[in-house]
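All remarks here apply to the structure that follows.
Each chain gets a letter, A, B and so on, in the order its sequence line appears, and its residues count up from 1.
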Amino acid sequence: MNSIRHKTKAVFAAGIAGVLVAGVLAVVPASAQDAGRKGYEGVPRTWLWNPNFNEMVDTAKWKKEGPYTIGFSNASISNAWRVAFQHGILWSAGQNSDQIERFLVTDANDDPAKQISDIQDLISQGVDLLLIAPATEEALDSVVGRAMRQGIPVVMVDRKVSSPENYITFVTASDTVVGRMEAQWMAEYLNGEGDIVMLPGIAGASPAEIRIKANKEVFSKYPGINVLEMQYTDWNPATGKATMAALIQKYGDKIDGVLADSALQGYGAIEAYLDAGYGKGEIPPMTGGDVARMYQLAHEYDVPMMGIDYPTSMGITGVETALDVLNGVPVPSRVEVNMQIVTSPDAETASVKADRYLLDHVSMDDPGDLSPSNGLPEGYNPATFDPEYPK
Amino acid sequence: MSAIVATMRRNRLLPNYMVVLLLLAIIIVAGTLISDRFLTVRNFSFLFQQMVVLGLVSLGQTFTILIGGIDLSIGALAGAITVFVASFLDWRPDLIWVAVPVAMMLGAGIGAINGTLSVFLRVHPLIVTLGMSSVIFGLTLMYRKQPGGSVPIVFEDIAYNNFMGIPITAYALVAAFAIAGVWLQRTGTGRMLYFVGGDEEAARLNGVPVRRVKILAYALAGFCTSLAALFLVAKTGVGDPRIGLPLTLQSITPVIVGGTILAGGRGGVFGTFLGVLLVSILNNLLNFAGVSSYWQWVVQGLIIIIAVGIYRSDRRGG
Amino acid sequence: MTEVDNAAIRREGMSMAGMFEKYGLIVFLALLLIIAAVTSPAFLGPQNLVNVLTIAAPLGMVVIGQTFAILVRGLDLSVASLMATVAVLATAFKATDDSVIPLIFVAAIILSAMVGLLNGWLIAKRGVSPFLATLATMIILQGARFAYTGGAPISTLPPGMAWLASGRVFGIPVNLLALGILAVFAGVLLHRSRIGRQIYMVGTNPRAAFLNGTSPERITILCYVLSSVCAGIGGLFLLGYVGTVSNWVGQGYELDSIVAAVMGGVALSGGRGTIVGALLGVVVLVVISNLVLLLGFPIEMQEVIKGVIIIGAAAFYRQRLM
Amino acid sequence: MVEPVLELTLIEKIYPGVKPLDRVSFDVVPGEVHALLGENGAGKSTLTNVIGGAIRPNGGTIKYQGREVEWRNPREARDAGIHVIHQELALFPELTVAENILVDHQPRGRLGLLSARERTRQAKTILKSLGISIDPSARIDELALADQQMVEIAKALVGEVKLLILDEPTAVISGKEVDLLFDRMRHLRSQGIGIVYISHRLEEIFDIADRVTVLKDGKLVGSAPVEELTRSRMINMMVGREITQIFPAKASANTEAAEGPVLRVRNLASGKRVRDVSLDVRAGEIVGLAGMVGSGRTEVADAIFGIAPIDHGSIELDGSRIAGHRPSVSIGRGIGYLTEDRKGSGLFLDMSVAANIFAPALSDVSKGMLVDNGREREMAEGQVKAFSVATPTVSTRVGALSGGNQQKILFSRWTRIADRLLILDEPTRGVDVGAKVEIYRIIRELAERGLAILMISSELPEVVGMSDRVVVMAHGEVTGEVAGDEITEDSIMHFAVAAPNRASDAEREAAA
């Protein structure tokens, strides 16, 4: 298990001295270490290809003697993604119980107002550091800033708050990258010509809106790609299916591609095609990652697809980054975790090459809503997983 | 004090309030045992900052429930007003004195529309306010889907700062409840809410302008919602169409816990205040105890059942 | 006395209004279908109509149950939460074999009936208002469900569950067939049987029902059990439609089912309404949402249209009835 | 001639298809009690609603205190000094007596705020002036119906009243309370207040009224000083035909005493109102159960039918106790109970005539678990004919029928069920004279067919005219029993006002 820590550390170390990166990675060959750590191999392309040096944050002034009390305020644990994410965090806290005395957890049911109260309640309990996955970027900004000004360091994970001065660092994967990859793949797969429909998530939710923006940015370079229609799906399979069913009736075979920003509505869309009588090999190309069922259906019915999971494993990195801050180790101002590109065999395009094909990423026996990029030990089962951690 | 007790006894409310007060006491004792940081000035001043939004929407809901109605548009309305205030102040931060009254008028106005529709279309308020909730939310989304806008820092300070060691929100909350309480108990118009809720037909025969009173109750609910939204926007600094949505159902529990019955005509704001206190302190305690939201839901459901159990003796049902 | 009689005579006199009350929804639905056919050519496509009805089927089942609860002067907010709980229960067998499906149905119906009993007991025996009792049940079920699944249900479902949504028997979609059977059963129970008569008696005048030898308590409990069981069955069919389990299967159905029933002429004051009317309400609701999709309205317009139609349809009914 | 305080000229009210008021003129002078008579549906309530501002007429003029007025709502009329006391009390059960009395004139204390103390004080004064002792801080739903009525009257005395309209105030009170009410009315009359008085009880008209106006079918029949009228003349005006005999002939004699009683109640105690009641009802006999309102009569009936618990004593039907006593069981044993509250606990107003008739006996019109609609309709048509219910079809909503016809439907329902005992609680309440006569005939016929009938009534003439035997109650106990020629209003009142004592016990022993 130590290897995980080491590798993360390695990534951070690489950040401090960019030129040494290759060497460090050579010492720690990712593939050898990552048995059981699906979706977490390699370092992020966004970092590798980024021509700028990392901006490092000096955390000396937050250095504190352990053991620590850390508070984690989660936006919610109301869906499979967020549960796996929280599992990663709790597991990681357990792995570091030598440094952590108490690890306090709250979840806010996706209610920003409750999360403000949660954060205040954690402060009341005297935490040394706050690890926050905010329900919204904007609404939590003010209370997070106040925590920092009271001398409590804040590490954001999954989502951030709007003002960069209100937190030390942000552990995340990039919604922009997800959006761009999907659109780029779709455009290239269709050779720049075709009518598509877009099925984004929840209207106004920042991951959905960022991805839409990135999608559109890519399509602006492909005048041949025509967006027939965009309909929000609430990241709900039933809504995704009903919406897609109606769109199939409206446009029929005119639809050359379906750009879903997640598999949650994506697999609903595949099912809508199946219900409409489309068979194996007849369903147009689709995008969408995050849960296993989409990959499984795509395999079963030969749907050309590209998926990119928003990895739940970022929670693990979040805890480790938090400890770095308390230890006074400098951290990058933005810590990105890697994402895997998964495609159907033969569905790679010029710019979007697969890290894995469908069945390397999930097995047909995996539960449909398992998040494959969880970074947790082999055999992880969210229904039974109950990590030990210092309460 | 003895006068208050006498009034309560006369209204047969004392034993019920005693139960709520007892529960409060138990929670506070439990909190103290769980953590030595529970019974601290900091925790309780945070508590008062947290209570203000729930308190104000519950106060608003008390009016509609008192007349035997309900308002399910509170959440959508609160979100809409935060969007209005944050967008307006983002454009002209100097015009707070315009934004605040306009927000209040907006709240009262939309509340009045709720009441008017319910009265004149003769549609059950449950359906009217549910429909209005959809309309308000849709219109808000047309203007702004994502959270955004901003408010001046003075505005935010209202939500977080203290005055003479006590959070400003605490003054606001107590003042709002005191005014509402005196208005309901000690003015003619206020009493009319009880008449209408107690027996609409009798109220009509006694010359109470039933329709106007009903519209007024919904307008007040909208007004209180706008106040809550102002504190919400002060707390978060942005306008967010979705931020109020959970408030709709949240606003009902404290009212019921406080002994205002859904059938209307009985109850009052003092009970609601105790209800808000109970719910808020309980949430605080559950956080201190590290209880996940799953079990918090179960506790919420049980509170409703317990509360209704307390007031069950009344023949018209909780 | 005279006033009442006059009002009654007035009501009888306006038989035209009575006609509207009876056939208003059908006229409205016809108008809606014409508008749909004109504005969106895709609407009348046979596959689209099947789609619409397929989506309507689970909601229809829930509405049938909801109608029973509303008829006895109540409503049931716990239906959606129960649907998801039943869906989670269906995974508890961890079966990949279709032979378990009957067992899943039996278990779902038993669980639903127990939830219905709890609701009915709280309402009929303990005098809790239906709104609060079912709200509390809704929240408690939600918490219990999440606590059981740890937030992440494992969707091990027999493959045959999908057949519930896509399969056909004699060319008729299975879920429509099931809805039809349930509707006929509910219709006969409500409109032809002694129990149905007693339900209307309790809904119209519980005290008089008691004095006429009917037990309002038992009838009320029965109605909530029926409501829950219908919701439970609807939950399984919706699960078949969705394909995987989540903790939120059926979210929104509690309000949609009430709205559909009210639009179909089931009065919230109890004792008035029919199964056919309630199902017409369902059709109106799903046709509207299908239409706004086909017309490509953005989400915010959909919300506004939905709200206006809810209020409008309810107003249409009220004015005829009062 | 004194200037009338109120003068209606050719008032007209038109609804589609009906004319509840057809050019009616009516006036009230200060200091008179003007009785308004008519059968149900004659237009009395519509007329009072026009006066009180609740209904706006389609034609005609209203002159009030010499000026032509047009009320826009009840409040305007009230502010001008017209106070209507409706038959259905306009009280708030959750609120206190004081608050109900001063609902419209809440007294203010400091800072212009309402003062509960002042409210209680003023309410006390008003109640005192009425000569009644009710705690002003008691809640309305804790009071007896008669006391609630007094609160309603007390409300009228707040502020300035010029014209008081009482719509059947004595429907729910009796005896001493009626006397008290009339006392207060005379007192108000002497102060120059005009009073419009509506009642079905003709005796009261002679007692209190100065002038009588009769309406029929929305038209004015006539108006005359009470001295110029006789009882039968009034009935003729109301009914529009000659009614020679109101009550049918009684059973010749009680010859069936050899048989045991159908109903045998011994030392019954139930709830707060029934302390010790014993009575018998035999087959073919009509037993009147008399007493003041609140004496426990209805509660005895409730206990017999299985609604109220039996705390002590026994109830036997045909010599055996009723096991698992509740309404469904009583119905199974052949007991019928026609309650006093027709709308509240009798009818399903939204349901059809047929459904109402067979409500307690669904099995009679069912095959298995299903209702046989054809048979039900057929049987219902037979019932409707037998009881001469005026209804277009048997699928008509009961709520659309008149009070008399509704009552006949209840009779047809319960006489089908009751083959042993029929309990009637105020069988003619709110029923007009014409329908009353028919109902009396039906009751007697039922008795002649061998049914045991227990009849509760507040109307003494009815009790005297119908009963073969009368059991009188006071304060939850039986205080006396009279039979045959001894049944007079005086003898009943004698026992009804008696304090319960051992002597009455002895009498009861003798009677049993």
Side-chain angles (χ1 to χ4, degrees), chain B residues 65 70 72-73 76 113-114 117-118 120-145 241 249 252-253 256 261-263 291-309 311-318, chain C residues 73 75 77-78 81 118 122-123 126-151 247 255-256 258-259 262-263 267-269 297-322:
Chain B
I65 294 181
I70 197 155
L72 297 185
S73 69
I113 291 174
N114 275 333
L117 286 176
S118 168
F120 286 98
L121 296 181
R122 289 186 285 185
V123 177
H124 198 289
L126 199 75
I127 299 291
V128 168
T129 54
L130 194 64
M132 277 297 281
S133 167
S134 229
V135 173
I136 296 167
F137 186 53
L139 291 175
T140 315
L141 285 183
M142 274 185 202
Y143 181 73
R144 185 188 279 289
K145 278 195 200 55
L249 286 183
I252 296 170
T253 311
I256 303 304
I261 61 174
L262 272 188
V291 177
S292 96
S293 62
Y294 309 158
W295 293 107
Q296 298 196 8
W297 285 328
V298 176
V299 170
Q300 255 179 45
L302 290 177
I303 292 179
I304 294 177
I305 291 182
I306 291 170
V308 173
Y311 305 103
R312 199 179 64 79
S313 53
D314 70 64
R315 73 208 137 68
R316 301 173 59 181
Chain C
R73 304 181 162 194
L75 49 80
L77 292 176
S78 68
S81 196
L118 173 67
L122 282 171
I123 292 160
R126 308 295 297 169
V128 179
S129 88
F131 186 94
L132 293 177
T134 58
L135 179 68
T137 315
M138 169 186 113
I139 300 170
I140 292 175
L141 275 177
Q142 183 177 318
R145 179 172 73 241
F146 272 92
Y148 170 74
T149 60
N247 272 310
L255 294 181
D256 281 353
I258 293 169
V259 167
V262 169
M263 285 187 10
L268 282 173
S269 50
F297 283 135
I299 185 158
E300 52 270 30
M301 279 297 287
Q302 294 178 24
E303 287 283 344
V304 175
I305 291 171
K306 192 171 131 200
V308 169
I309 285 179
I310 289 171
I311 299 174
F316 177 84
Y317 267 94
R318 276 289 131 156
Q319 293 220 318
R320 300 287 175 257
L321 292 175
M322 286 177 74

Listed by chain and number, what are the side-chain hydrogen bond (donor to acceptor under 3.5 Å, both in side chains) partners of C:Gln142, not counting sequence neighbours? none

Where does B:Leu139 contact chain C at under 4.5 Å (heavy atoms): side chain, backbone, both or neither? both

Between B:Ile70 and chain C, with a heavy-atom cut-off of 4.5 Å, which part of the residue counts as in contact: side chain, backbone, both or neither? side chain

Is it the side chain or the backbone of C:Leu75 that comes within 4.5 Å of chain B heavy atoms, both, or neither? side chain

Using a distance-only test with no angle check, is there a side-chain donor-acceptor pair under 3.5 angstrom linking C:Ser269 and C:Arg73? no

Examine whether an atom of B:Leu141 lies under 4.5 Å from a heavy atom of chain C, and if so say whether it belongs to the side chain, the backbone or both; otherwise answer neither. both

Is there a donor-acceptor pair under 3.5 Å between the side chain of C:Thr134 and the backbone N or O of C:Leu77? yes

Look up atom OG1 in C:Thr137 and atom CD1 in B:Ile305, then write down how far apart they are to the nearest 0.5 Å. 5.5 Å

What's the spacing between B:Thr140 OG1 and C:Glu303 CD if we round to 0.5 Å? 10.0 Å

Under 4.5 Å from any heavy atom of chain B, what part of C:Ala147 do you find: side chain, backbone, both or neither? both

Quick check on the interface: out of C:Leu141, C:Val308, C:Ile310, C:Val304, who has the most heavy-atom pairs with chain B under 4.5 Å? C:Val304

So, the part of B:Leu126 with a heavy atom under 4.5 Å from chain C: the answer is side chain

Can you name the residues that form a salt bridge (charged side-chain N to carboxylate O under 4.0 Å, His left out) with B:Lys145, not counting sequence neighbours? C:Glu300

What part of C:Leu122 gets closer than 4.5 Å to chain B, counting heavy atoms only: side chain, backbone, both or neither? side chain

Okay, C:Met138 and chain B: the region with an atom under 4.5 Å from a heavy atom over there is side chain

To the nearest 0.5 Å, how far apart are CG in C:Leu268 and NE2 in B:His124? 5.0 Å

